[in-house]
Amino acid sequence: MVITRFAPSPTGYLHIGGLRTALYCYLWARKCGGKFLLRIEDTDLARNSKEAADAIVEAFKWVGLAHDGEIVYQSNRFELYKTYVQQLLDEGKAYKCYMSKEELDTLREEQSARKERPRYDGRYRDFTGTPPHGVEPVIRIKAPLEGMIVLHDGIKGEVHFNVADMLDDFIIARSDGTPTYNFVVTIDDALMGVTDVIRGDDHLSNTPKQIVIYNAFDFAIPKFFHVPMILNPDGKKLSKRDGATDVMDYEKEGFLPETLLNFLVRLGWSHGDQEIFSMEEMLEWFDPNSINKSASAYNQEKLLWLNAHYIKEISIERLVELLKPFGVDISLHGNKERLVEMLRERAKTIKEFAVMVQQIIEAPNSYDEVAVQKCITSETKALLSAYQEALHVSTPTQGAEVFTKAFLESKGAKLKDLAPALRIAMVGTAVSPAIFDVLEVIGFNDVQERIQKLLSTLKE
RNA sequence: GGCCCCAUCGUCUAGCGGUCUAGGAUCCCGCCCUUUCACGGCGGUUACAGGGGUUCAAAUCCCCUUGGGGUCACCA
């Protein structure tokens with residue numbers, strides 16, 4: 001059985017890169033009928049926060065990635081880790097090191113002065129004497145001194161590490177007794193039965209250390225998939241300054257969860273020329289072995305395009321619901337289907353969509369000056385006025401198009417003589433959906449009122 | 001700096017020795033549709049980082065250079 005895990009450290013919100021690895025983990029586990037576990041790496045007591053862990057769960061919920069089982073919090077497992085540290089101590093595979101931080105710093109300075117790689121010199125590796133007073137020891141693992149560690153990565157292929165220039169006896173427990181990252185990751189992955197570790201390739205150089213730990217315990221080494229980073233549009237590492245990288249910001253900006261998932265799955269992975277993937281299709285085709293080896297840049301335009309695509313696809317009911325958080329409730333609007341249909345194909349985000357809806361359902365409070373300059377003349381005003389009068393005399397029983405064209409014919413005018421001015425009266429700008437649709441959604445009564453309003457505003 | 005990873009249009013990518021005068025998508029630019037803006041349709045500009053090999057044949061394999069990125073903690 002395939003067991004994957006997503007193991008963020010709760011130092012902030014869930015960002016888009018994290019979501020992508022989570023998605024990959026999720027997809028692979030689900031596809032294989034396995035399990036997708038969630039573990040919060042909060043061993044650094046000073047930096048973790050409950051809010052951050054909650055934020056991750058919230059983001060998962062929004063995009064619909066469900067993890068299996070209980071969330072594992074590493075901060076609850078210190079006692080467990082201690083027993084494993086002790087085991088290594090008992091077996092002589094780890095030892096106490098009494099070197100002080102100051103001594104370590106000096107050593108490192110000397111080494112870099114000699115242009116050597118800073119590394120622990122192993123001075124307590126075989127120490128049997130009396131330990132110095134007043135120093136709480138750290139626990140270091142006995143790492144191999146020479147040889148190669150070969151990692152078979154599902155994405156990068158075979159990666160060779162020369163132990164001599166890669167490893168030293170690294171710390172597995174701090175002087176306060178708390179275990180360090182590489183140790184707990186390995187213990188947890190092994191204990192949780194993780195078979196496939198899918199994570200960012202910034203962890204690639206940690207892997208040899210973890211392999212040392214797997215070997216010390218005789219744990220089975222899982223498959224590794226180190227997925228390349230997501231870069232910002234300038235090709236640098238993606239950071240907060242590059243706009244919305246908090247997953248929940250995408251909701252606030254009017255993106256759909258399926259947009260984000262589809263966008264992310266295609267960033268670094270592909271299935272021929274296919275661009276649009278439903279969750280079912282992702283599950284059908286995704287394979288971490290075919291993730292790209294190179295980093296990919298975040299591309300907002302493609303995200304917008306995808307979002308526009310999904311806005312055109314989803315149900316009217318859902319769209320109506322999605323609009324509510326943006327302050328627009330059209331659930332009781334008599335013509336909501338028509339309203340949604342005429343606007344959905346021009347909105348790239350729900351946020352934009354809401355603005356457009358607002359423009360239709362509420363009479364304009366102001367009029368775009370440039371548009372007024374350009375489209376309103378004494379002739380068009382007269383025509384508008386006559387049109388309003390015609391509506392007033394008898395509310396049309398036929399459609400807006402039929403009525404309007406008949407009106408225009410009787411006046412010997414063309415649609416383009418009336419439409420721009422009418423549009424300004426309806427929405428306040430020179431841009432809107434097809435004018436007849438707008439008219440019908442607004443309704444003839446309100447159409448009259450809006451014309452009246454424009455005309456009287458223009459008089460002032 | 002040491003170690004590691006990476007390198008096809010601006011971007012996401014297809015390609016896994018011949019079917020490549022390199023395909024799709026996005027962006028951009030035209031044209032069509034049209035009452036405006038979009039949508040849609042059609043068309044166009046744009047890429048194998050450079051240099052050496054291997055081979056009858058290389059975007060595809062190897063090496064070097066260059067360029068990017070990651071990592072080197074009693075952080076995760």
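Below, chain A is the first sequence line, B the second, and so on; all start at residue 1. The shown structure was predicted, so the numbers you read here are calculated from the model rather than taken from an experiment.
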What orientation do A:F127 and A:Y124 show, parallel under 30°, tilted 30 to 60°, or perpendicular over 60°?
perpendicular

May I have the distance from A:L167 (atom CG) to B:A73 (atom P), rounded to whole angstrom?
12 Å

Could you label the plane-to-plane angle of the A:Y81 and A:F78 rings as parallel, tilted or perpendicular, counting under 30° as parallel and over 60° as perpendicular?
perpendicular

Go through residues 147-158 of chain A and report each residue with a non-hydrogen atom lying under 4.0 Å from RNA chain B, sorted by number.
A:K156

Selection from B:A7, B:G69, B:C3 that lies nearest to any side-chain heavy atom of A:S294:
B:A7

Base-pairing mate for B:G2 - Watson-Crick or G-U, with both contacts under 3.5 Å
B:U71

Would you kindly give the CD-to-P distance between A:E116 and B:G1, to the nearest whole Å?
18 Å

Nucleotide forming a Watson-Crick or wobble pair with B:U66, both distances under 3.5 Å
B:A7

Sugar-phosphate only, base, or nothing, as touched by A:N206 at under 4.0 Å among non-hydrogen atoms
base

Kindly say if A:S270 contacts the phosphate of B:A14, meaning a side-chain N or O under 4.0 Å from OP1 or OP2.
yes

Applying a 4.0 Å non-hydrogen cut-off, can you work out what A:K115 is touching in the nucleic acid: base, sugar-phosphate, or nothing?
nothing

Under 6.0 Å between ring centres: does that hold for A:F277 and A:W269?
yes

P spacing across the pair B:U46 / B:G24, given as an integer number of angstrom
14 Å

Per-pair distances, 0.1 Å, donor-acceptor, side chain in residues 136-151 of chain A, under 3.5 Å, sequence neighbours excluded:
| from | atom 1 | to | atom 2 | distance (Å) |
| --- | --- | --- | --- | --- |
| A:R140 | NE | A:D169 | O | 2.6 |
| A:R140 | NH2 | A:D169 | O | 3.4 |
| A:K142 | NZ | A:G92 | O | 3.3 |

Using the P atom on both, measure B:C39 against B:G50 and round to a whole Å.
36 Å

For atom CD1 of A:I291 and atom P of B:U13, their distance in whole Å:
11 Å

Here the distance between atom P of B:C39 and atom CE of A:M356, to the nearest Å, is 10 Å

Between B:C64 and B:G23, how far is it from one P atom to the other, in whole Å?
32 Å

Give the intermediate values and the outcome of salt bridge (Lys or Arg N to Asp or Glu O under 4.0 Å) for residues A:K405 and A:E401.
CA-CA 6 Å; A:K405 284 191 170 160; A:E401 181 160 4; 2.8 Å; yes

If you round to the nearest 0.5 Å, how far is OH of A:Y310 from CG of A:L261?
9.0 Å

Mark yes or no: A:K209 above the aromatic ring of A:F170, with NZ or CZ under 6.0 Å from the six-membered ring centre and no more than 45 degrees from the axis.
yes

Which whole number of Å gives the distance between the C1' atom of B:G18 and that of B:U60?
11 Å

Among B:C12, B:A14, B:C4, which nucleotide sits nearest the side chain of A:N292?
B:A14

Name the closest nucleotide to the A:E345 side chain, picking from B:U71, B:A38, B:C12.
B:A38

Determine the contact category for A:V159: base if any of its heavy atoms lies under 4.0 Å from a base atom, sugar-phosphate if only primed atoms, P, OP1 or OP2 are that close, otherwise nothing.
sugar-phosphate

Taking everything shown except A:E158 itself, do over 12 heavy atoms lie less than 6.0 Å from its CD?
yes

Determine whether any donor atom in the side chain of A:S205 lies under 3.5 Å from an acceptor atom in the base of B:C3, or the reverse, and answer yes or no.
no

Student check: side-chain heavy atoms of A:I442 and A:R450 closer than 4.5 Å:
yes

Atom CH2 of A:W269 and atom P of B:A14: how far apart are they, to the nearest Å?
10 Å

Where along nucleotides 20-36 of chain B does protein come under 4.0 Å, by heavy atom, of base (B) or sugar-phosphate alone (S), with - for untouched nucleotides?
---BBBSS-------BB

Measure from CZ on A:F170 to P on B:U71 and round the result to the nearest Å.
18 Å

Give me the distance, rounded to whole Å, that separates B:U21 from B:U13 when you measure between the P atoms they each carry.
25 Å

Classify A:M99 by what it touches in the nucleic acid, base, sugar-phosphate, or nothing, heavy-atom distance under 4.0 Å.
base

Distance between C1' atoms of B:U26 and B:C20 (Å, rounded):
22 Å

Whole-Å distance, A:L343 CG to B:A38 C1', equals 10 Å

Would you say B:A76 has OP1 or OP2 under 4.0 Å from some side-chain N or O of A:T180?
no

Choosing from B:C4, B:C12, B:A76, which nucleotide comes nearest the side chain of A:F161?
B:C4

Base, sugar-phosphate alone, or nothing: which one does A:S296 contact when heavy atoms must sit under 4.0 Å apart?
sugar-phosphate

Taking it one step at a time, do A:H226 and A:T207 satisfy side-chain hydrogen bond (donor to acceptor under 3.5 Å, both in side chains)?
CA-CA 10 Å; A:H226 286 98; A:T207 311; 3.2 Å; yes

For A:H160, which contact category applies under a 4.0 Å heavy-atom criterion: base, sugar-phosphate, or nothing?
sugar-phosphate

Min side-chain heavy-atom separation A:L383-A:D417 under 4.5 Å:
yes

Taking ring pair (Phe, Tyr, Trp, His ring centres under 6.0 Å) as the criterion, tell me which of A:W28, A:Y24, A:F36, A:F60 meets it with A:F6.
A:F60

NA contact type, A:R108, heavy-atom cut-off 4.0 Å: base, sugar-phosphate, or nothing?
sugar-phosphate

For the C1' atoms, the ones on B:A22 and on B:G69, what distance do you get once it is rounded to whole angstrom?
27 Å

Let me know the distance between CD1 of A:I230 and P of B:G70, rounded to the nearest Å.
14 Å

Judged by nearest nucleotide, the residue sitting upstream toward the 5' end of RNA chain B, A:G268 or A:V138, is A:G268

Taking the same atom, C1', in B:C27 and in B:U11, what whole-Å distance lies between them?
8 Å

Could you say whether A:Y181 or A:R117 is positioned toward the 5' end of RNA chain B, judged by the nucleotide with the nearest heavy atom to each?
A:R117

